[in-house]
Amino acid sequence: MNINLPDGSRRSFEGENALELAKSIGNRLAKAALAAQVDGKTVSLITPLYEGATVKILTFEDEAGRNAYRHTASHIMAQAVLRLFHERDVKLGIGPAIENGFYYDFDLNGTISEDDFPAIEAEMKKIAKENHLIRCFSMPREDALKWADETGGPYKRELIEDLPEDAELSFYEQGEFVDLCAGPHLSSTGKVKHFKLISVAGAYWRGDEKRPMMQRIYATAFDTKEALDAYIFRMEEAKKRDHRKLGKELDLFSLTDEGPGFPFFHPKGMIIKNELIDFWRKVHYDRGYEEVSTPMILSRKLWETSGHWKLYRDNMYTLVIDDMDYAIKPMNCPGGILLYKRKIYSYRDFPMRVGELGTVHRHELSGALHGLMRVRCFTQDDAHIYMTEEQVIDEIIGVLDLTDYMYGVFGFKYRVELSTRPEKSMGTDEQWEEATNALRKALEIKGWDFKVNEGDGAFYGPKIDFHLEDCIGRTWQCGTVQLDFQNPERFDMTYDGADGAKHRPVMIHRTVYGSIERFIGILTENFAGAFPLWLAPVQVKVLTITQRSDDAAQAVATKLKQCGIRAETDLRNEKIGYKIRQARMEKVPYMLIIGDREAESGTVSVRKRGEGEIGTMELRAFTDVALGEIKSKEIF
RNA sequence: GCCAACAUAGCUCAGUUGGUAGAGCAGCGCAUUCGUAAUGCGCAGGUCUAGGGUUCAAAUCCCUAUGUUGGCUCCA
């Protein structure tokens, strides 16, 4: 048979499938081969090839190869669960490969716990060792439904029913186990060698909270033991950077049982928060933003006008004052709009950029709370931009540039998503269409890659979201740009146009940090607590070797503070090694060590975080370096 | 909110099959005055998350509540 290889070359070989092709190319490739890509479609290695096809052999290096490997591992896991718990009426859900692993959803009597993992893993090893051939076949719809009723179960039946009439219903079989599955899979169970079950969790069937809750087993699989061990080690290491752990160790913030989801900021955490705010103010002032502040509590009437009372009620904390209903603000916009309405605007005032560091309260579900990442009280670095329709694209681009610039200062990579109309929303389809297109167009002009997130917009408009990663790769939405055609109408906002007539302004809601709390969480994890100098709560620690140098050390610290550098002294009667160790654990960027020699010559011995001793110098030389580093917001 | 697991000193954690609570670090005191990741000795510190129940006896077993963790849902 003749086929084309990805590099464009043609190849003839004896045989009919990709496995035989791989063997003809080389033994190592045949061993590493997991699946094949035939004219762009991923298939099993034993799927027959056809004359003239372009074929790429997939290994664990390829995403599609990894997915096939892990998908097969998930079938092996399901097979093991069926064997072990056959008396518990196991019904299968779905079991896909995901980033870094795979899962399978089960519905069964009783619960699966982590205590069951060793038995499941042992059974999986057995199934792998039995080395069942994995065969793909398809069934007519009628037979497939019959299969579902007899063995597949109600969830599989639902999946079959939801597939289009003309869809091919493919099944994969390994030993006694058969599953409805689009595939592709490895050629046999023996190819799956290194796997580990990670956790069990509840998961609603098809992600719908009104449907039954399944038990999901998360697991991972790799092609070599080394890769599996390395992954497990990496995850363990990553957990050491968890902001909840570092927040406690570095004394930045805390959460108490008395206020679930309501964070407390300690003095050191407050320094970081204030530095972020100072930076934010400077950047926004430079870009033509003004700053306002609106009240925490406003009346029900306002929230009815804005639509929150109807569409956001479950998340609002309400209270009664003088027999009238009020709500603690869950968003800043309605208050901001009241400010807008205090006077009459001209088109000449536009675009008008109004910022607000607004603290909002939202009743988030208890199970959703997560350190500083998901809280019930947080400060948004909000801003509302009022403009004419012609100014919309430029203003969106301005916000995208601003966000890109600010994230760049922290060295963050981010992912962009465009979120469209949700079910609970207001406005006409045309308005949504127009607003969504404006956002899309701005992204296209920037030439940025973005993912469309259907139905994830705010209830008053579509949005562009910026997502940042935490220590173990979970992403959190931070910055957002939301286009709002609704509120200007609901609040009857106007401006005077060049034609002398009243016009409706367009409104953008936007944040860069998103929530200062969440951003601090992301910062902490990304820097593993070793904040760049400008953010470090303690920038310099002055350590003495003996108490003879106390006066000199105190003089140095005073001088540093006069220069605007956050300095602390450690004058305890302890050995220098002990003080250094402690300052290192506190991740202080610079240590200045003062002994008799330095005290006498008026110098400081400098230790830099991550580098160790960098030499003895005049204090003035050190402050020049430090102040330069602070000013430039150097990351490393 | 839902599913599961967990909750012991300021922190990190021990605590066998139920027999009445322990370590390290941190803190305090004393000695030591030391040159780049831990000086020694001593002292103090806990209604074992809360409330019920079983038992002669509960940190340990059972219920309930609260909180936390991993997910689902949701979201900045």
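Note on naming: letters A, B, ... go to the chains in the order of the sequence lines (proteins, then strands), and numbering restarts at 1 for each one.
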Do A:E258 and B:rG67 share a donor-acceptor pair, side chain to base, under 3.5 Å?
no

Does a distance-only test, which skips hydrogens and angles, find a donor-acceptor pair under 3.5 Å between the side chain of A:R607 and the base of B:rU36?
yes

Residues in ring-ring contact (aromatic ring centres under 6.0 Å, His included) contact with A:F222, at least two apart in sequence or another chain
A:F60, A:Y231

Looking at B:rG1, does its base get a donor-acceptor pair with the side chain of A:Y204 below 3.5 Å?
yes

Under a 4.0 Å heavy-atom cut-off, which of residues 460-482 of chain A touch RNA chain B?
A:K463, A:R474, A:Q477, A:C478

Sorted by position of nearest nucleotide on RNA chain B, 5' first, the leading residue of A:G261 and A:Q582 is A:Q582

As a quick check of understanding, evaluate salt bridge (Lys or Arg N to Asp or Glu O under 4.0 Å) for A:E517 and A:K273, giving each step before the final call.
CA-CA 8 Å; A:E517 287 74 5; A:K273 195 171 178 180; 3.6 Å; yes

Using a heavy-atom cut-off of 4.0 Å across all strands, would you classify A:I576 as base, sugar-phosphate, or nothing?
sugar-phosphate

Are side-chain heavy atoms of A:L255 and A:R244 found at a separation under 4.5 Å?
no

Non-neighbouring partners of A:R88 that pass side-chain hydrogen bond (donor to acceptor under 3.5 Å, both in side chains), sequence neighbours left out:
none

Please set out all donor-acceptor pairs under 3.5 angstrom arising from side-chain atoms of residues 363-372 of chain A, sequence neighbours excluded.
residue : atom : partner : partner atom : Å
A:H363  : ND1  : A:Y317  : OH           : 3.4
A:E364  : OE1  : A:R374  : NH2          : 2.7

Pick out the pairs of N or O atoms, protein on one side and nucleotides 38-48 of chain B on the other, that lie under 3.5 Å.
residue : atom : partner : partner atom : Å
B:rA38  : N7   : A:R581  : NE           : 2.8
B:rA38  : N7   : A:R581  : NH2          : 3.2
B:rA38  : N6   : A:R581  : NH2          : 2.3
B:rA38  : N1   : A:R581  : NH1          : 3.4
B:rA38  : N1   : A:R581  : NH2          : 3.3

Residue pairs fulfilling side chain to side chain donor-acceptor pair (under 3.5 Å) with at least one residue in residues 201-210 of chain A, sequence neighbours excluded
A:E158-A:W205, A:E158-A:R206, A:D162-A:R206

Qualifying residues under side chain to side chain contact (heavy atoms under 4.5 Å, CB included), relative to A:A442, sequence neighbours excluded
A:I396, A:I397, A:L400

Whole Å only: how far is the CG atom of A:D242 from the C1' atom of B:rG70?
12 Å

Side chain of A:S366 - closest among B:rU33, B:rG1, B:rG67
B:rG1

Expressed as a whole number of Å, how far does the C1' atom of B:rG71 sit from that of B:rC75?
16 Å

All stems that RNA chain B takes part in, i.e. 3 or more consecutive Watson-Crick or G-U pairs with distances under 3.5 Å, are B:1-7 with B:66-72, B:10-13 with B:22-25, B:27-31 with B:39-43, B:49-53 with B:61-65

For A:F195, the ring-ring contact (aromatic ring centres under 6.0 Å, His included) test, sequence neighbours excluded, returns none

What's the gap between B:rA50 and B:rA7 when it is taken at their P atoms, as a whole Å value?
13 Å

Close approaches to RNA chain B from residues 373-381 of chain A, in residue order (heavy atom, under 4.0 Å):
A:M373, A:R374, A:V375, A:F378, A:Q380

B:rC43 to B:rC25 separation - P atoms, rounded to the nearest Å
15 Å

Go through the structure and list residues passing ring-ring contact (aromatic ring centres under 6.0 Å, His included) with A:F253, not counting sequence neighbours.
A:H243

So which protein N/O to nucleotides 4-15 of chain B N/O distances come out below 3.5 Å?
residue : atom : partner : partner atom : Å
B:rU12  : OP1  : A:K248  : NZ           : 3.2

